[in-house]
Every structure is written in structure tokens, then in C-alpha cells.
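Let me begin by presenting the structure, written as C-alpha cells, before commenting on it.
As the structure is a computational prediction, the values presented were derived from the model and not from experiment. Heavy-atom basis, side chains included; hydrogens, waters and symmetry copies ignored. Order of the sequence lines fixes the chain letters, A, B, ..., with proteins taken first and strands second; residue numbering starts at 1 for each chain.
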Amino acid sequence: MAGLNIKKTEEKWQRRWKKSKIFDAEIAEQKGGKKKFFLTVPYPYTSGPLHIGHGRTNTIGDIIARFKRLQGYNVLFPMAFHVTGTPILAIADSIAKGDQKVVARYKGYISIYEDANKVDEIISSFSSAERVADFFAERISEDFERMGYSIDWRRKFNTTEPMYNKFIEWQFKKLYDKGVIKKGSYPITYSIEDNSPVGEDDIEEGDTNKVTIIEHTTIKFGVSDDTYLIAATLRPETVFGVTNLWIKPTAKYVKVAVGGEYGIVSREAALKLGYQREAVEGSEEIEGSYFVGKNVKEPIEGREIPVLSAGFVDPDVGTGVVYSVPAHAPYDYIALEDVRREEGIEIEPIKVIDIEGYEMPAKEICEKMGIANQEDARLEEATQIIYKDEFYRGVLNEQCGNFAGIKIAAIKDEVKDWLKGKNIADVFYETSRKAVTRGGGKVIVAVLQDQWFIDYTPKWWKDLGHELVEGMTFYPEKYKAYMHDIIDWLALRPCARKRGLGTRFPFEKEWIIESLSDSTIYMALYTIAHRLRQLPVDCLNEQFFDYVFLGIGSGADELAKEMNVEVDVLNGIKEEFEYWYPNDLRHTAPPHLSNHLVFFLMHHAAIFPPTRWPGAITLNELMIREGQKISKSKGNVIPLAKVSELYGVDMFRLYCAINADFASVINWREQDVDALKKRFNALVDVFENSTGVDVAELKEEEFTHTDRWLLSRFYRRLKESIELFEAFRIREAGINLVFNLLNDIRYYERRESPEKRRRIVRNVIEDWLLILSPIVPHICEEEWHKLHHSFISLQSLPELKEAFIDDRVEREEEYLVSLIADIKEILKIARIVPTKIYVYTADADTDNWKWEVFRAIKDLPERDKIKEAMKLRKDKSTVDFVKQLMKSNRDYFELNEREILEREKAYLTEEFGCEIGINEEHDPKRKKRFAIPLKPAIYVEG
RNA sequence: GCGGGGGUAGCCGAGCAUGGACAAAGGCGCAGGACUUAAGAUCCUGUUCCGCAGGGAUACGAGGGUUCGAAUCCCUCCCCGCGCACCA
């Protein structure tokens, strides 16, 4: 390693890059200016330190940014910080309250960056959310500098500062004008005890066993003129076949007032209903048994049906009242069988769904599965089977009036709407399973009445979204189709909350814009953020952004006057936006697809004209460590801040680039890291050993075959790598540039000598360093400076010396390698110590015909080859030859085998330690005839 | 349930889109050798089975199919991750 201190080298270049401001992106001069490239990765959320997992996406982003610079683009790669939302606030609150767990965790985080004696002082400042955010934003930006990222830091901002608020307000006004900001009710999982919405993280086992919201339909069954038993169902279309109600006799029921009517539901359901509908009042409690034996009026035709008792009814699921459709519901069928046996009540099932393969579906499935009582757990399974079969294949029959003859899948919602329209049915939300919060509070579904949301359903919007996606590049490509699906699926999205940090909702100030909704088009702000800083924040009103981003309004002069700024300043801002936008590439991770990315795309589609739509999205999978997810609960987090010290930044970057393709998860394994480190060190050695060589020693006319071979490999690999880079196939490019080239060099060195290797590497090192510099910029910068007084980070790709790419030279070497392998194979199997090795080429005097035949049939399909060959030379040995030829699967490529062998005779002699005979007459075992073109016959004497 | 991705040698992991050169890249591990006083590092060789001549057999989750030919295409089955919204 020649004493190169990697860590110091990295720091040195980071310092110099920063000092020389080489990554500050400026608008290129109009004439002869470079093409621009604007690349973004998601801004980090500043609730704590980042770890190596976050490092992958950002590193890939930087590699792309650097590659684009190398390609001659004027690159803008900015960064900002995300602060919006509840987590940072929650952390600050916990620390303020003295929550010891949180305090301990944050002390740990602080001590990653600070001396032990400062920790207490800093943690005490963390009772302010702003301090938390600022502290980590500052540290993260240092981390990023230490990762060698080529970021233009002048444009950084965070999402709670006034400038950003103004920008977000503008965005929401634009959306409001499009009519997609709406207020309405919205079901959500909710904790009664905590009196607040709960997400997956708040629910016990919420991450492993998800709780979703299920929409039930409630149906009213008349007890008297204004009082109803309210049954809940998932299958409202079966209401035509109802024969009775089920109720749990031992459960408590409550009469509640809903509107001007009274409904009877279980006590549990009454409570839930209170969170879902307006003006629900409970009154007296009634024992379930009170209703048993009474009759109620079925709502469609007004039939009188009995209320019966059933054990399977759970008062905490639905309304605690179930209507019975024994023809189609296994539970109902079995319960009714019990009733018949025990009480002698006969009730005929009413069949309402016709489905092939069943006469009476519920009855038949129970008999088939051998289910005989209500306690049988398989009833659930039977229900599922019937439900699915009937949903997809079943058709409503003549019992169902206008709905007869239509598939359930197609008619279900219509039936529901019809029932609602007749004031028979309503909606009741239930959780998909019984759940409690981590604190033990019961989780129910509440309906938020005045929730603001973004309505993504309008057709014009979805159409625009699809159009935008269609015009974009995705890598990996599969995500494009996926994105189309997501756009179709996207519906309503709540966009404001009552709690958290962020921008106040412009139309109702007690709401705060939720954190994903405020991170959709912020890339536009990067283009001008540093310039906006110079304006009073009050200037940043709707007219201002309209003018800068959309070019609309009453004109620059008037606007500038209103803002009290020079027109030039205003137009300078506009010009900068117009230069940089659109965002040419957004690089992020697949988990963002169905949330952030789709909003990013949809909001661009809605707000900006097509010329400002993003160009491409690339996504890399996440990083795991030793096969495990990286998480603080697993205790396997490596902070990004430690990368430099533990592994070296270039090493880390190389690992990120090489270890897995974008589409695969990277596994951070120490074993692999060590292995890569050896390779990396070998690479550095090769560089170090070559930069000192005097260029004057290199005379092209003196290049030998092996020199030319290595040069050919070199330039071929460089050329391939550039193409791979362009296609974002960074892993393959990196492997080519490091592993494969090192192997070529090693091979060369064995054939030649380390001294010659230095010379030849010196000949290509500049191009090599250039193309490798996006991945390992520090070491490349260091080596580059030994040869030039300029930053490699600012260089452009030179014209590749493609003339060195020489198929013939490489084929010749390949030929030699395969010959040596064949000889070794023979020596091994025959266990011979050779005294002399005879090699016979296929063009040796008598066998001249072989090349002719080879040439003649090279382009023919396999099956015609023998026939054609026989036309040329009628002899059985021709058949054998062609068969052999096909088996060996050689490309046709003409080489002068004799010449190669003569040239490499000394090498072969040295390799095998014995005399080599080329095309000599001596052939005691008659091997000569086995020679085929490009594969000589061999005879070993020992 | 909806959507999507996988299963490759002792291990990790390429390749499968465009079927043939795939006994299957690369790395790790293991074995042997060179170098070294030694260790480490580095380099070379080997690492399914059989074969005293460059060959053959079996193999890419399981089972079928298409094909002259399949890790690669089609079907069925088994098994394993992931996302599903108000959460950054």
C-alpha cells in the first residue's frame, strides 16, 4: 500500500472539494454551455442519525451524479432536510417529559458525534423539536460530506422554515384550484383510550399481523314502527334470502338513537357506532334473550321472520346482530340445524344465488367437510370457500328482483347502493381483527368527520398521471408497470393532521399539512432556494410562484414592483428554475413507490406542464446486514458517521456499487467486506505502482502481443463500462472496472512481469481513473493529482482509444489459454510427466480441408451442416469432424494457428518444462487426425 | 385478500428477457503448493461423480410439457421474503 493513508486521503479531498466549491452548480453560459442534469434523492428525515442502509441510496445517487459530470453534463445534485410530521415532535416531548428510554437512546445518538462531556448539555436542548431537527440536519450534512457526496449545499433548506411553508401553501392552492382538495369523512383505526388515531406502529403486533378496515353493511329489521334490530353483514346481496335473525341471548344490547329512529345493537357496537356516526345516543340496556322468539320485519318484502338464539354470534364483531341466510352461509345453516333439532323449528333456506356445482351451497359444503356443530373451527374455512366461489362464479337468481341474472362480483356494490338508497342499509366499519394498542387500549374504527384529503380519483388526473409515467424511464424497468397500477389504485389520501410539525393548511389553519403531502414537488424549490433566501419571505406569495414556476400572472415588471425587488432579480430566479427543471432523475428506494413517488408524479402531472415533468426514476433496494434487517431493535445499526473510520468511504462506495444490482437487497457482510477490501487494496497498489512511471518509456511500436492483449481488454472493458453506467447498471460496470480488470492485469503480469505491468498500466491509468472516479472518487482524485493539476471530479470523459480494441489479439490469447488447459487436462488424467509435447494444428498439410469445410458451414443451421460438408468432401471422416466441430462450439474466427504457436513456443516450453513440437511428422498414436480448427490435436510423450 | 418478487453447488451470489460455448461468473469457505524462521498478507492449483488422452454421467425447489437441445420457455405443486395508505 506504499503508506497511503486512506482516511487522510479522503479527508484531504473532501476538504479541497469544499474549499474550491466545485460542486456548486451554476447556470451554464448560454453559448456553448453544457447540457444540464438535475438529480435528486429523497431528503433525509432528521429525527436521528442515518445508518449505512440509508447510505446505499445516497451513494448510488452520488455515483450517478458524478458519472453524469464525467459525461459532460452540468450537474445539480442538491440536498435538504425533512422535518415535517409527528415523530420529531414526539421525541422532543418524550425528552421534555424525561422519558428515560428515549433520553438514553438520544444520548447514544449524540455521542456518535460529540464528546462525552457535551452530551448532557445537548440532550437538554432536545426538549425543543427544532433543536432536535437542527442538530441532526447539521450532523447528517457532515456525514454526507464525509461520504464524498458531490452536493451543492448552498441550496439546502428544511421543511419547516417559512420559505418552505410559502412554497407548500402555493402548491396546495394550485391543487385546490384543480378541485382535488376536499373535506369529508374518513374511516381510520382509532384508540378510544388514547382518544387518537393509531397507525400500524401503535398497534400490538401491528407490524406482523396487520389490522385493516373492513366495511360492513348494516341492515334494519323492524321491531316496531321506529325501532329496528340492526344486523351487520359482509354480504348485503344475500339479504333476499334472509330467513331469521341471530342474537346472542347472554349478550347486552343497547337501544341507540340514530337520527329520528332507534336501532338495537350490542353494547360494544353502540360504542363503536358513536365514533362512526353523528348523533348516536345510547339508552337502556337489554338482555339479548329478550328478543329471542320475537318476530321482526324483513325490510325488502316486509316478511315476518323470527329472531333466534345462536352461540356463534359475537357482540364485539359487527353489531352483535346477524341475519341468517342458511342457503349460503355455513354458520347459519349449521345453527339452524341445531335449532331444528333442539326446538323443532323448521325453517326452509331461501336460495338466492345460482352457482354451478351446488344445489344448496351451505348445506353441501358442511356435509362435504363433515361440519356438524357451531363450535367447529372449520366453519370459518367453509364460509371463505363459499364466499369466494359465489363471489366470482355465482349469479343472483329470480328471488332478487332487478338484480337477477348478474354475477355477484359485478352487482354487489349496486345492491349495496340500492339498499342504502331505500334507507334500509348503512355502513359500519370494523377492524379486520380484534386489536389493542401497545398500551393495551382497544382499537376500533372511527370516522373522522372533517378530514381534509386529496382526491386522486378524477379521471383527468389519472390520465395525466399515466401519460407522465409513460413518457418516463424507470430502472429497473418493471417498476413502470407497477407505477401504472398504483395510479389506478390511488384514491383518497388524508393530507392534513391536527398534530405535528409542518405547514399550516392554508384553508383551515388548525390543520397541518401531513408529511408525505408536503414532499411531492419540492425538487422545484432546489433550483431557486439559495436565491429565495435573499428575498423577504412575504414576497413569496402565490403570484410569485405562479410567475417563476408557471410563467403566469400579470408580468415581471408589475410583480417586481409589488415585491419591491429588481426585475432582474426576479427574472434571474425564473431563469434558474427554467434552466434546471425538470428533475431529470429521481433516485430512491422501492418502498417509496406506493406513497412518495406516486404523489411526486401525480402532483407534477397536476401542477406542472409536461415540459416540467420528471425524466426518470431509478430505484435501489434496501440494505440488510448479515442477512438481517437493519433496525435499532436488532441492535445491528452502523451509523453512517462511522463508515469512514470502520471501512473507508471508497470501500463502502465500492461495496454499494458492486455487491448487488439495484433490484436486489444488499447484504452487508463483514466477510464480504473483508474480501472486497483486499481487492480494493490491490487496486490501490496497482495505481500507486504505475503513477510514477515515466511516460517517455512508452513506445507504441514496441508493444508486444501481450501488451496489445491487455490494452485491448482494457479499452473493451472501459467501453462496456461506460455503456453499463449509462444504463444504470452500476454493479456490472464496477465489476468490470475493478474485478475483471484486476484479473486481466494479474494474468498479464504472470505472462510478462510486474515491471512491464507498471508500464502498461501507466499507459491506460488516466482513462481508468476517470471512469472509476464516480464510484471511488477519493482514491482516483489522489492518483489523478499525481499526474495532473486539476480535479478528476470535474473532468470529462476523453475520447476512448478504441483502436486498441483488437478481436484478433484477444482471440489469439484465448486460443492459447484453451490449448494450455487442454494439455493440463491430459497431463492430469494420463498422469504423465512429459518429456515432449506435440501439437498439431488442423491446417497441418493433409488436414487443410478442415478449415475449408469449417468456413463453408459456419453460418448454416446445425441440422444442415453435415449434409453441406458431405457435398464438399465425401468421406466418413468428414461426418466425424463436423460432429466434433459442433460439439466444441467454436465461433468461426480465422487465426494463423502455426504462427501463434511458433511465437508462444518459448512460453509453452516454460509453462510445461519440456520441449514443444509443432506440427512435426512424429505422430505414433495418430493423434493428428483429431485436430480441428482452433483446437489442435495433442500428443504427450512421457 | 390485492399487488409484486424469489427458490442456483458447503455458503453468499451472477445467469435466466434474446434456449445451445453452463459443471454453471465472482467471492467466501475448504484442501494442496509457492513465498516466509513463523504467522499474516499475496500468488498458483484444486474443490459433483467416473475416466491413465482433452471424454462421459448426474445436476440449477418438485413434477410434467414444448424442443434436436432448458437453470433459461409453458403448466401444476411445494416453500420463502416484501408493500398495501395517513406512516416517515
CD1 of A:I820 versus C1' of B:A53: gap in Å, rounded?
-> 18 Å
May I have the distance from A:I666 (atom CD1) to B:C12 (atom P), rounded to whole angstrom?
-> 17 Å
Indicate whether OP1 or OP2 belonging to B:G27 is found under 4.0 Å from a side-chain N or O atom of A:R679.
-> yes
For A:F739, the ring-ring contact (aromatic ring centres under 6.0 Å, His included) test, sequence neighbours excluded, returns none
Sugar-phosphate, base or nothing in reach of A:V940, heavy atoms under 4.0 Å = base
Nucleotide by nucleotide, nucleotides 2-11 of chain B touches protein heavy atoms under 4.0 Å in the pattern (B base, S sugar-phosphate only, - none) SS-S------
Counterpart residues, salt bridge (charged side-chain N to carboxylate O under 4.0 Å, His left out), relative to A:K836 (two or more places apart) | A:E915, A:E920
Between A:K925 (NZ) and B:A53 (P), how many Å, whole number?
-> 10 Å
Euclidean distance for C1', B:A21 against B:C75 (whole angstrom) = 30 Å
Salt bridge (charged side-chain N to carboxylate O under 4.0 Å, His left out) partners for A:E732, two or more places apart | A:R729
Provide, to the nearest angstrom, the distance between the CG atom belonging to A:L516 and the P atom belonging to B:A85.
-> 13 Å
Donor-acceptor list for residues 621-629 of chain A side chains, cut-off 3.5 Å, not counting sequence neighbours:
from, atom 1, to, atom 2, distance (Å)
A:R625, NH1, A:N636, O, 3.0
A:E626, OE2, A:E670, N, 2.7

Residues in ring-ring contact (aromatic ring centres under 6.0 Å, His included) contact with A:Y939, at least two apart in sequence or another chain = A:Y838
Compute both the distance and the angle, then confirm whether A:R751 meets the cation-pi test with A:Y907: under 6.0 Å from the six-membered ring centre, within 45 degrees of the axis.
-> yes
